[in-house]
J.: 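Below is a structure I'd like to ask you about.
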Amino acid sequence: MNDAVKMFIVLAGVTTTCGLLLAGAHDLTRERIVTQQLRYIKGPAIRTVLSDATNDPLLDRRVVAVSGKEVTLFFGKKGGRVTSIALETAAQGYAGPVHIISGFDPESGTCTAIAVALSQETPGIGSRITGDAFTGSFTGLDPATAAALRKDGGTIDGVGGATVSSRAVCSAVAAAQKLFKEIRPSISEVERENAHQ
Amino acid sequence: MMDAVIVIFSAVFVNNILLARYLGNCPFCGVSKNLSSAWGMGIAVIFVLTIATAATWIIHHFILDPLHLSYLQTIVFILVIATLVQLVEFFLQKNAAALFQSLGIYLPLITTNCAVLGVAILAIKNSYDFIMSVVFAAASAAGFLLALLCMAGIRERLETVVLPRPFRGTAITLIIAGIMALAFFGFSGMDATLSSLAHH
Amino acid sequence: MLINDFTRGLWEQIPPFRLVLGLCPTLAVTSTVTGGAGMGIATTFVLVCSNVLISVLRPVIHPKVRIAVFIVIIATFVVFVEMATQAWAYPVYQLLGIFIPLIVVNCIILGRAEAFASKHTVVRSFFDGLGMGMGFTLSLAVIGLLRELLGSGTIAGRALFGPSFLPCTLMAKAPGAFITIGCFLAIMNGIDERKRSIK
Amino acid sequence: MTPLVTTVVFMAALGATAALVLIAAARFLAVPSDPRVEAVLAALPGVNCGACGYSSCAAAAAAVVRGEAAPGVCLIGKAEVSNAVATIMGKEAKAAARKIAYLRCSRNCGEAGTDFLYNGPADCRSAMMLYGGGKTCSGGCIGHGTCETVCPVDAITMKNSLPVIDPARCTGCGLCVNICPKKILALIDDTPQAAEKKKCAEYCMQDDLKFEVDQEKCIKCGICFNNCPVDAIVWEKGKPAFIEKEHCIGCYTCMRLCPPKAIG
């Protein structure tokens, strides 16, 4: 047999077999990995946002499709009633994306709390966006007013010296507000479905 | 523009790929014996790292991500890098003989240099766009060259010095690298200054 | 002979000290004993599996695509490890981060594949991989132990000294990593030299 | 398409592409290489130690085939390897004369006086960094024996602060020639005539390196006479000094010391 053909068969064969094995392994572990990722990376932020919930919001999650995109909603329940719904959005910060979990009241659409799930902002400067003083200023934000810094004509006071990071948080929350507005009509339906399970 | 400057500064000094991110240490100890080979290796790494990061970025964003195959990242990236290095080697040999003479021998060493795969993965992880990824890769490699040159300069001098026998060779190289890493810590303050400038 | 294959990796050629290979993970993940041992075990798994598989495939691997095939096989096992740690030991995955995929380019694995597994029988390759892997794990764990003890005053996360203990943070950072390993290397060289002079 | 199918198809495509690219590259970009390079490379030990002065065994093999290096290029391979390489290279290589290292400095400049005490590392290269080594004979051997240290075959021993080369052991690798900061070692053909011709006279006592005393400027102090390392200066109290050219080694000592700068 031709040398080149042999080379081809060996390399392609090994790669295909490996692909098959990996696909199998991926199928087996995928679900677990998603749950683990949520638990360890976003879990703490989600629990902060839905702090008064009595259920495990990580298990009460639901994926809905909004304008072609898939969004995962986390339901915080108290006494069987949904008190708050959290979702994740991201915006480009100073040193990479800043992932924000924002919680909303399902009735009024008011922002109940936000928390930073993931960020690589500069320690000591940009990282101060994770502080309660800053994240707390989003609580009670009206659905009609999009989150924005005071210097951008909004209502939020930025963290001194960390304008880029603060602005990233605002735009992430604003995106979440917009998403939630789109999702809200279908929520009661999702919720009912959720309650059935 | 400012973003690019900060990425470059951070990749070369603050998060130096060798001294702060711990990537590419095997060639760091192996090829730092004299300045000329340090130059050769450093330039070869800049060359390969930039091409490899550009290629893996394209593959990740146009193939792996749309097909939901990002879990194959490791195997795909390393295969692409290995093939690419081989291709570059052939290409240089054919079309740029002079360049091949000076870089050629370092190319096989680069395939298993974790700096290449590491930077390709980091560029994806930091979600840089294409231009930024390339800038990041080139700057990281420039940081590699910088550290390698410093080390080679020190080791050339060190050759004439009487050392306790057990410390000769790699042992003293690592200890010097530790002291250099300590020196590079000094840059972290400058990183903070730069970023606060950018924030305003 | 099998014993020899096994013990060679534990002292005579213990990585990363004797074969100065695989330095990057050795430097990067040994700021804690857990990180060091976790990395060692992950590497051992990949080393043993790839050694065995390459040894099995030895007759069919075409010499010209040899390195590419080795890399694919090693990378496959690395992805397995990546998935397994993500699914069942997520904290370890977070701790080791980017260095799990980088096991692929750990020169020890490719080096053993090229130097040993592609030339020897399956059983011998298995023991060679196991010995090398255990030697690597041992080295990493010892370095991790020392650095964690001095750098944060804990062992596997448990505080050893009272609250008045001031850790030498430097040991947990990059300079500490380089200097510790440099000193370990010098100690190994010193022991060797003494042995030789006694002989 | 299920994820499983996507994965398998993608991986197969990737493997196939990689294989195709490599095969195509090997075929279309291949440079017709001299088969002798491969053969010589196979004969070399392949440890890439760099002792031969080339960066790798492959570079050394290429140099041998180009005729730049002798078949005995490999220092660790001993006679076996060099014979094997010579066989591959054929007659042409055998005809090339063997080179050995040779000390051009043959006078006793090794014992010349010192300008100052040097307490640094005992290594010619570092001594050289401090005013050229401190020997009054600035052109000659510094005498710390760095050449002895680098010699991979122990062909050099230091005697009277001067290297003595054992021609039987020397492989002509040139490591000592490259490392000597004073450049007083050279590679010459291994024949008695060549050794004769390359004596110190040819190197040190070139005409432009011989000194003369300007009889008019000379203040007859005798400093040059007292410090000449090779006693090449004739001087008596009250008379101008005179340099015997056949003995002068051009070491600059007198020139540097002369108060009225009468020597040049």
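Below, all heavy atoms of this structure are taken into account, side chains as well, without hydrogens, waters or symmetry copies. To find a chain, count down the sequence lines: A is the first, B the second, and so on, and within it residues start at 1. Here the structure is a predicted model, which is why all the values come from computation and not from measurement.
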J.: So which part of C:L170 gets closer than 4.5 Å to some heavy atom of chain B, the side chain, the backbone, both or neither?
T.: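 C:L170 touches chain B through side-chain heavy atoms alone.
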J.: Under 4.5 Å from any heavy atom of chain B, what part of C:Q86 do you find: side chain, backbone, both or neither?
T.: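 C:Q86 has no heavy atom closer than 4.5 Å to chain B.
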J.: Pick one: which of B:Y128, B:F9, B:W57 meets ring-ring contact (aromatic ring centres under 6.0 Å, His included) with B:F136?
T.: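 Exactly one option meets the ring-ring contact (aromatic ring centres under 6.0 Å, His included) with B:F136, and it is B:Y128.
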J.: Select, from C:A28, C:P101, C:A68, the one with the greatest count of heavy-atom pairs under 4.5 Å involving chain B.
T.: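 Maximum pair count with chain B is reached by C:A28.
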J.: Top residue by heavy-atom pair count (under 4.5 Å) with chain C, among B:I179, B:I121, B:I176, B:V76?
T.: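 Greatest number of close heavy-atom pairs with chain C: B:I121.
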J.: Is chain B contacted by the side chain of C:F184, its backbone, both, or neither, given a heavy-atom distance below 4.5 Å?
T.: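 When you check distances to chain B, no heavy atom of C:F184 falls under 4.5 Å.
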J.: Please classify the contact between B:A177 and chain C as side chain, backbone, both or neither, with a heavy-atom cut-off of under 4.5 Å.
T.: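 B:A177 touches chain C through backbone and side-chain heavy atoms alike.
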J.: When you look at CG of C:L160, are more than 12 heavy atoms from neighbouring residues, nucleotides or ligands closer to it than 6.0 Å?
T.: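 Yes, the 6.0 Å shell around CG holds more than 12 heavy atoms from other groups.
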J.: Main chain of B:L35, side chain of B:E156: is a donor-acceptor contact present, judged purely on distance under 3.5 Å?
T.: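 It does hold such a pair.
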J.: What part of C:M83 lies closer than 4.5 angstrom to a heavy atom of chain B: side chain, backbone, both or neither?
T.: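 When you check distances to chain B, only side chain atoms of C:M83 fall under 4.5 Å.
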J.: Counting only heavy atoms closer than 4.5 Å, note whether C:V79 contacts chain B via side chain, backbone, both or neither.
T.: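 Just its side chain gets close to chain B.
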J.: When you measure from the side chain of C:N51 to the backbone N and O of C:S125, does any donor-acceptor pair fall under 3.5 Å?
T.: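 Judged by distance alone, yes, a pair lies under 3.5 Å.
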J.: Under 3.5 Å, side chain of B:R155 to main-chain N/O of B:C29, donor-acceptor pair present?
T.: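 Checking the backbone N and O of B:C29 against the side chain of B:R155, a donor-acceptor pair under 3.5 Å is found.
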J.: Got a donor-acceptor contact below 3.5 angstrom from the C:R58 side chain to the C:H120 backbone?
T.: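 Yes.
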J.: Which one of B:A181, B:G118, B:A171 has the most heavy-atom pairs closer than 4.5 Å to chain C?
T.: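 Ranked by heavy-atom pairs under 4.5 Å with chain C, first place is B:A171.
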J.: Do any N or O atoms from the side chain of C:S50 and from the backbone of C:I74 form a donor-acceptor pair under 3.5 angstrom?
T.: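 It does not hold such a pair.
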J.: What part of B:L18 is in contact with chain C, defined as an atom under 4.5 angstrom from a non-hydrogen atom: side chain, backbone, both or neither?
T.: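 Just its backbone gets close to chain C.
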